[in-house]
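To start, the structure under review is shown below, and the notes come after it.
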2 protein chains.
Amino acid sequence: MGGYNIPKATIHRLTRYYRCLERFLLNGKSNVSSKEMANKLNIKPSQIRKDLSYFGEFGKRGVGYDVRELMLSIENILGMKKNWSFCIVGIGNLGLAIANYPGLTKARFKLKGVFDNDKSKIGIGLHDDLVIQSVNELEKTIKERKISIGVLTVPGKYAQKLSDRMVSAGIDGIINFTPVRVIVPKQVMLEEIDISISFRTLAFQINLNL
Amino acid sequence: MGGYNIPKATIHRLTRYYRCLERFLLNGKSNVSSKEMANKLNIKPSQIRKDLSYFGEFGKRGVGYDVRELMLSIENILGMKKNWSFCIVGIGNLGLAIANYPGLTKARFKLKGVFDNDKSKIGIGLHDDLVIQSVNELEKTIKERKISIGVLTVPGKYAQKLSDRMVSAGIDGIINFTPVRVIVPKQVMLEEIDISISFRTLAFQINLNL
DNA sequence: TAGATTGTTAATCGATTAACAATC
DNA sequence: TAGATTGTTAATCGATTAACAATC
């Protein structure tokens, strides 16, 4: 059941640590201290050490961290070298944008299914090996292709129903881009990205500064 | 200079309160208590009252909140009835998706400029009244059309430079969709949305649960 | 008036940061 | 050994939740 109670912020920072280590490695550095990393990232050294301590001991006292080793450790922690399969439900502009998002393939997220309920879209090819399928085939395809992550980019009113269907097909996690909050059982992981809320928050802050 | 030190989470929740009030109004309710709202939203009543208390007193003790009045107050707090103009820098898949994002127009965010440096895209019309412009015209257009929000959907390596250019043209806020963090002066507001981090966080959580 | 619910103060919880003993 | 830096404990900070006096 996992669940060490690790702050989400820690996970976000781990990806930043990794990118930082990549740069150090490129510059030919093989060892690095939490202080050096913290300076680059504009955070406190103890934050880095605390974050890492959730997962084990990766450094040498008095010496620091081996860049390559720490990268491997973070790769392990985050499951970065695993291959993840995902599908996109709703091939509108946003769905298409995610299908073509360059960072995902590099990060081993492989698109294995695309669904829509618009008959004019069904059957159209995507990338080399995919065809837009009817949402009727959602459950069957998730099971057959062992898809573990589902991306919801449909109009809000369909979000909960399609989320339920993915859950019933055995999906492990859902990324919900609709403005509607969906409910999933606790064993299914959920990330919500509400683009309009970022616009709203920004507008509020600008408003405050006037 | 504003800056009451209001948690970002409070702003996010205010938009949820507003949506909740919309539903109550539709159901013909004209008065509502923090308890009733909290039940719907699955949070604590004191959270709602605390959030509202940052901005003033909006209820009647022993009675609750007038639904319509509270909606108006939230509209004011968040600047929801103001018109906001924004531009998109980088008309790839993601930029196009945001250009066509349905919630934004409804929320009074008006697209006033679209830029790219790909010659094959420049000159193409978008919506009724826009044409994709060269990034050379970025500063001029931001000033002429009084654009206050800039959306960055370019490859990461161009992010900082284009951010700087928008800042120098007098932009008020930037929404950065690239995986690269940008630095802006404190008077410029910044929101960062890293889509790949959500995939990564989800993968981590799934990994943990195995 | 008695009951209900606010606005606000105090307590709790969780995350960040500082301090330091352990140790390379 | 002396200096450096870790891993971890304790202190601080900030946000959420509970409690309650004010008051409709």
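Within every chain, numbering begins at 1; the chains are lettered A, B, ... in the order of the sequence lines, protein sequences first and strands thereafter. All values reported here derive from a predicted model rather than from experimental measurement.
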Atom CD in E191(A), atom CD1 in I174(A): separation rounded to 0.5 Å?
12.0 Å
Rounded to whole Å, please give me the gap between OH in Y65(B) and C1' in dT5(C).
8 Å
Among dG7(D), dT16(C), dC24(C), the nucleotide that comes nearest once only the side chain of K60(A) is considered:
dC24(C)
Whole Å only: how far is the NZ atom of K35(B) from the P atom of dT6(C)?
10 Å
May I ask you to say what K50(B) touches in the nucleic acid, namely base, sugar-phosphate or nothing, with a heavy-atom cut-off under 4.0 Å?
base
Specify the separation, in whole Å, of atom NZ of K44(A) and atom C1' of dT6(D).
19 Å
How many Å lie between CD1 on I43(A) and P on dT17(C), as a whole number?
8 Å
Any side-chain N or O of Y54(B) below 4.0 angstrom from OP1/OP2 of dT8(C)?
no
Could you check whether S46(B) gets within reach of a base, just the sugar-phosphate, or nothing at all, counting any heavy atom under 4.0 Å?
base
Please tell me if S34(B) has a side-chain N or O lying less than 4.0 Å from either OP1 or OP2 of dT6(C).
yes
Answer with yes or no whether R49(B) presents, from its side chain, a donor or acceptor under 3.5 Å of a partner atom in the base of dG7(C).
yes
Name the pairing partner of dT6(D), where a pair is Watson-Crick or G-U wobble with both distances under 3.5 Å, or state none.
dA21(C)
I'd like to know whether the aromatic ring centres of F199(A) and F86(B) sit less than 6.0 Å apart in this structure.
yes
What's the closest nucleotide to the side chain of R61(A) if the choices are dT9(C), dT17(C), dT5(D)?
dT5(D)
Scan F55(A) against the nucleic acid and name what it touches under 4.0 Å (heavy atoms): base, sugar-phosphate only, or nothing.
nothing
Closest-nucleotide 5' rank along DNA chain C - winner of V63(A) and Q47(A):
Q47(A)
Determine whether the side chains of T15(B) and R200(A) contain a donor N or O and an acceptor N or O closer than 3.5 Å.
no
What is the distance from NZ of K8(B) to P of dT16(D), rounded to the nearest Å?
14 Å
Mind checking if T10(A) touches a base, just sugar-phosphate, or nothing, with heavy atoms under 4.0 Å?
nothing
Does the side chain to side chain contact (heavy atoms under 4.5 Å, CB included) test come out yes or no for Y158(A) and V135(A), once each step is laid out?
CA-CA 12 Å; Y158(A) 305 120; V135(A) 285; over 6 Å; no
Could you give the distance from NZ (K112(B)) to CG (L130(B)), rounded to the nearest 0.5 Å?
9.5 Å
